[in-house]
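These notes are about the structure you will find just below.
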Amino acid sequence: MGNSDSKLNFRKAILQLSQKAQKIDDTDDQFWDQFWYGHQTSLEDVFALVPSMEIRNIRNNNPGNLATLCYKAVEKLALAVDNSCRTHVEQQCVLNCVRLLIRILPYIFEDEKWREFFWSSLPTRNTPTSGDGVDPLHENSPRTAGAQPVPLAQSLINALCDLLFCPDFTVTATRRAGPDKAEELANIDSCEYIWEAGVGFAHSPPKNANMEKRRAEILKLLLTCFSETIYCLTDEPNRWIAYFTSADNRHALPLFTSLLNTVCAYDPVGMGVPYNHLLFADTTEPLVEACLQILIVTLDHDMIMHQQQQLELRRQMQGSQPANSYDDGFGDNLFINYLSRVHRDEDFHFILKGITRLLNNPLLQNYLPNSTKRLHCHQELLILFWKVCDFNKKFLYFVLKSSDVLDILIPILYHLNYSRADQSRVGLMHIGVFILLLLSGERNFGVRLNKPYTATVPMDIPVFTGTHADLLITVFHKIIATGHQRLQPLFDCLLTILVNVSPYLKTLSMVASVKLLHLLEAFSTPWFLLSAPNNHHLVFFLLEIFNNIIQYQFDGNSNLVYTIIRKRHVFHAMANLPSDMAGIAKCLSGRKVGKFNIPPVPHTNSAHIAALSGRQLSADVDDEDCESETESHDKQSEIQEENAMQALPAEPGTLKTSLLETPAINQMTEREAAHPSSEDTQTPTVDGTSDISQFEQVNRTTTIPSRNDISRRSNTSLNSNESNAIPKENQSRLSVATRGSIRMVPNASADHWTPTPEWIVSWRSKLPLQTIMRLLQVLVPQVEKICIDKGLTDESEILKFLQHGTLVGLLPVPHPILIRKYQANAGTTAWFRTYIWGVIYLRNVGPSIWYDTDVKLFEIQRV
């Protein structure tokens, strides 16, 4: 009852603040104490008792009251630090201040006129605020110079960082020689109070649920302070993050190690007791999520570097003298500095094992349904892994030097496969693909993919016997064939990853080989090639994949060679693509009816037909007349995987945040020779022809429309027979093998693109077909002859023949291996910043901190 009365008084005080023309005197301590003392309101209570409309009313009609409220709250936090926050009353006061500031700050940031408030000088005080007559706001700042006032923001960050290492409040006291000899909070060595063992700290403190809750709430306030970024349209410097990660924050090192170790040491399964998460409240998970979000925001270094350059340029233009670091520019980001300096193998092992343990959590299977705890922080984990690899190359090499990298690959592929149809998870698809692009730039990643895949991850893909490379190709094919149409900008990235790893793939399964050929068949159809000015790039990538495997891994890839032979008409059709106006018009005629049915994934055994019919293999053989024994297993496999989690579209009403346009692949990558030599003076080419990036300049000066939609969910793309045969509710979930084709649905913008004979000739002559045509020229007659002479009725005999065959001395001179390595740029930096804050915005629910505020960095949309 007493707490209800105190909440009522709290509510009345808020209403009093919002009354027009009623300025509350800042010396009226009896009034202001209603906000911090005498009640125990949770964060949810504060959000319910302080509606957004009233915060805006106070801000617009009584700005003096709001300014005093913020100042008083920070003052109370600083005073608690000055008193070492020893009593229960002070501790409750700190929590009430923290919760109130979490509620108010977003509404201060959304108003441009208020953003300087926390960075302005504090008002002068006529009345002392602490026992010795010293203002704790000034006393607590390490940057106080004489009587020079300290910005409120710095005082707030100083106080919060001190409170995160406060004995008996957020950390367990290590030295206790009596109450009179308790350590002063301002003087403790916070490195002795790091929250968890791990990097740079060997002692694991005892768990305390209440302390973990308090840390999580203080971190949530810090995150709210850092969120000023989402209310800015320009690349304004985030002074909150800059100060927090600077040398002026005396807790920077213990904070960084505490955040990192808390994340990487977390084990949600624990002892493995079934349903333990339903029996006991887990206070560690909210803390881990808060640590993760603070880490990824503070490690957003590229943005700050860009801002440094802008400020330096501004100073040069104005001819002003350099000022101290936080007035005009920024010092070093110590979080990135510390992360880049981690070098011990045991630390790398701790970080990698921690991230992989949490990433693999959703993949855990158990005979008891819902018996293990499921985490939902996989997006933040992927961003953290990206940041660690980006800033610490030694860690990247550590990850790639063993098969541990596959423990990262499998959960990424799981999330890519599961999220492919959900437009609210487009950002997750991007970060997963970007990580694989980063890894694929290193030779060891391609080598590791040759390890046999034996896991039983619940994915709705065909069951196959093969390697992790087969899994990669199968999932990528699934994304392209049945993914949401908003994933089309990622097609270049997906194929670039396959290009990078292709020279090292020793053995592809028949399933993966068929998937690759099906992609080529889909992307090389004349209508698709001529529908947009960049569509032919996809064909160049696929041809480069085939060339790399043939030139460098021919011996073990009889399945791919056999599939190329069987589908050789696809390559002949590409070489003979019409370039006259009449031929172009005929190719584009399919576009007028709004659809084009691409040939299905074939289920054929051409060798079997040749043997049974007594005729030679030819490009005119109808692949639909029969079904391959090997590929028939694909259908059975898909049936076996029906119990796996299906990739479903987002539920209507699901919130999502907008993303910036995906940077072009040629902007994100830089080509390097895998084995550079001093003789390589010219740009390496594929089989003596110009590589794709050399003629990307052809149409760069013109406005290029987006690639035609490849949509798996358009009802108009199903022909009438399929529409009648397949229930409407199932049409959007059918795999390529079942549906029979990838659907090409044109964009309206594509109507503005008109291909010309000159344009076709400019790239058709550069198609790297020499190696494949030479392979077909040599092997097709041999395969036809052995089929007729021996009367073969089983494709396994042909595969055995190809396994023992050789093309040594018959193929063109092997081309240099080209690797396209990821390179950060302004476009990717801006994309990541938008994505990171979009994830944080959507993940902070209960309560939703930034909901119903005027966010400018992205748009909030409903599916």
Side-chain angles (χ1 to χ4, degrees), residues 378-379 382-383 386 409 412-441 461 471-502 515-516 518-520 522-523 528 532 534-542 544-545 647 649-650 656-669 692-693 696 704-713 736 742-745 747 820-825 827-828 830-832 834-835 838-839:
H378 44 272
Q379 296 191 82
L382 291 174
I383 297 169
W386 170 275
L409 172 69
I412 288 177
L413 293 180
Y414 167 82
H415 287 298
L416 291 181
N417 184 65
Y418 179 62
S419 305
R420 67 183 187 272
D422 189 342
Q423 61 172 303
S424 68
R425 302 188 184 197
V426 170
L428 170 59
M429 298 290 295
H430 278 71
I431 183 65
V433 171
F434 288 165
I435 287 175
L436 296 181
L437 180 63
L438 178 70
L439 295 175
S440 72
I461 59 173
L471 176 67
L472 184 76
I473 292 170
T474 305
V475 171
F476 280 11
H477 177 271
K478 201 85 169 178
I479 293 169
I480 293 173
T482 66
H484 192 272
Q485 64 187 43
R486 287 189 62 197
L487 301 180
Q488 291 176 57
L490 286 177
F491 288 179
D492 286 343
C493 281
L494 294 172
L495 296 185
T496 299
I497 293 166
L498 296 181
V499 169
N500 284 345
V501 302
S502 58
K515 301 296 186 188
L516 281 178
H518 184 225
L519 289 179
L520 181 67
F523 291 140
F528 181 69
N534 290 327
N535 283 357
H536 61 280
H537 291 181
L538 300 174
V539 172
F540 274 81
F541 284 131
L542 284 163
E544 189 172 348
I545 293 169
K656 64 188 182 79
T657 56
S658 62
L659 292 167
L660 296 181
E661 185 177 349
T662 308
I665 189 65
N666 61 316
Q667 296 174 342
M668 287 202 308
T669 58
I692 182 172
S693 60
E696 278 178 346
I704 299 178
S706 59
R707 184 177 293 117
N708 294 327
D709 287 345
I710 302 181
S711 173
R712 67 172 189 79
R713 297 198 296 171
V736 172
I742 296 176
R743 307 301 174 183
M744 306 292 186
V745 182
N747 281 337
R820 294 169 176 83
K821 289 198 171 190
Y822 169 82
Q823 294 292 328
N825 59 72
T828 55
W831 188 95
F832 269 103
T834 305
Y835 172 60
V839 169

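- Rounding to the nearest 0.5 Å gives a distance of 12.0 Å between CG of L542 and NE2 of H518.
- Residues L382 and L428 are in side-chain contact: their nearest non-hydrogen atoms beyond the backbone lie under 4.5 Å apart.
- With rounding to the nearest 0.5 Å, the separation of CG in L660 from OG1 in T834 is 3.5 Å.
- Scanning all heavy atoms of the two residues, the minimum distance from L416 to G432 falls at CD2-CA, 4.2 Å.
- Residues meeting the side-chain contact (heavy atoms from CB on, under 4.5 Å) test with T496, sequence neighbours left out: L437, N500, F541, I665, R820.
- Below 30°, between 30° and 60°, or above 60°: for H536 and F540 the angle between ring planes is above 60°, a perpendicular geometry.
- Atom CG of residue L409 and atom OG of residue S440 lie 11.0 Å apart, to the nearest 0.5 angstrom.
- With values rounded to the nearest 0.5 angstrom, L436 atom CG is found 5.0 Å from I497 atom CD1.
- The shortest heavy-atom contact between I480 and L519 is CG2-CD2, 3.8 Å.
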(request) Show your reasoning for whether side-chain contact (heavy atoms from CB on, under 4.5 Å) applies to T657 and Y835. (result) CA-CA 8 Å; T657 56; Y835 172 60; over 6 Å; no
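- With sequence neighbours left out, the side-chain contact (heavy atoms from CB on, under 4.5 Å) criterion links H430 to V426, F434, L490, T662, W831.
- Pairing each heavy atom of V433 with each of C493, the nearest pair is CG1-CB, 3.5 Å.
- Annotation: side chain of N535 is not in contact with side chain of F523 (no heavy-atom distance under 4.5 Å).
- Residues P663 and T828 approach most closely at CG-CG2, 3.8 Å, considering heavy atoms.
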(request) Quick one: do I479 and L494 satisfy side-chain contact (heavy atoms from CB on, under 4.5 Å)? Show the steps, please. (result) CA-CA 9 Å; I479 293 169; L494 294 172; 4.0 Å; yes
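- Within the 4.5 Å cutoff, no side-chain heavy atoms of Q823 are placed close to those of M668.
- F476 has its side chain within reach of L413: a pair of non-hydrogen atoms, C-beta onward, lies under 4.5 Å apart.
- A centroid separation of less than 6.0 Å is found between the aromatic rings of Y822 and W386.
- Nearest heavy atom pair, residue R425 against residue S419, reads CD-OG, 3.3 Å.
- The side-chain contact (heavy atoms from CB on, under 4.5 Å) check on S424 picks up D422, A650, T654, K656, V863, with sequence neighbours excluded.
- With a 4.5 Å cut-off on side-chain heavy atoms, L498 and I473 count as touching.
- In this structure, Q485 CD and L487 CG are separated by 9.5 Å, a value rounded to the nearest 0.5 Å.
- Closest non-hydrogen pair, A421 versus H484, comes out as O-CD2, 4.0 Å.
- At least one donor-acceptor pair under 3.5 Å links the side chain of N825 to the backbone N or O of Q667.
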